[in-house]
Amino acid sequence: MDAPADPDLALNLLLDGKVARPSACNALETLLVHADLAAEFLPRAAAMLRERGVELRGDEAPTERFDHALRSAVVMVNASSLFSDGGELGLGAEIGISTARLHAYEPMGAESLTIERFVVRGMGQTRNLRN
């Protein structure tokens, strides 16, 4: 959550990305909050998540910009992590999950050595998977 973020929107995205389908491969794993907002936002977020049985773990604040420095296939900014899905990203149906940066094995050409990275920017969109 960055400094100009709407805290209520961020809480909604947090719920959708972490609690709606916690077993999904695209469930939220990391939440970064701007230092200027942490004292107000984190207690609200922690209470909301604990009420739903989520185990929380904290860490020191990172020194690099999240959306540019993270070595991840998909970065979500103000959008639910549930958009990290082959169909949503225009890649077709998923047939398996790999956490490796390179998804090809055996002899590789230039296309196989290219790493695709998606930065998804939203305005609070969720997948609305909750019943």
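These values consider heavy atoms only, across backbone and side chains, with no hydrogens, waters or symmetry-generated copies. In this text, all values refer to a predicted model and were calculated from it rather than measured experimentally.
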Kindly give the heavy-atom pair with the smallest separation between Ala38 and Pro43, and that separation in Å.
O-CD, 3.6 Å
So which heavy atom on Phe41 is nearest to which on Leu31, and how close?
CE2-CD2, 4.1 Å
When you measure from the side chain of Arg127 to the backbone N and O of Leu82, does any donor-acceptor pair fall under 3.5 Å?
yes
Measure the OG1-CG distance between Thr126 and Leu9 for me, rounded to the nearest 0.5 Å.
9.5 Å
Which value, rounded to the nearest 0.5 Å, describes the distance between Leu49 atom CG and Leu15 atom CG?
6.5 Å
Which distance, rounded to the nearest 0.5 Å, do you find between the NZ of Lys18 and the CG of Leu13?
15.0 Å
Asn78 side chain near Met123 side chain, heavy-atom distance below 4.5 Å:
no
Glu55: what forms a side chain to side chain donor-acceptor pair (under 3.5 Å) with it, not counting sequence neighbours?
Arg57
Look up atom OG1 in Thr30 and atom CG in Leu32, then write down how far apart they are to the nearest 0.5 Å.
6.5 Å
Side chain to side chain donor-acceptor pair (under 3.5 Å) with Arg44: which residues, sequence neighbours excluded?
Asp8
Ala45 and Leu11 have their tightest heavy-atom pair at CA-CD2, 3.7 Å
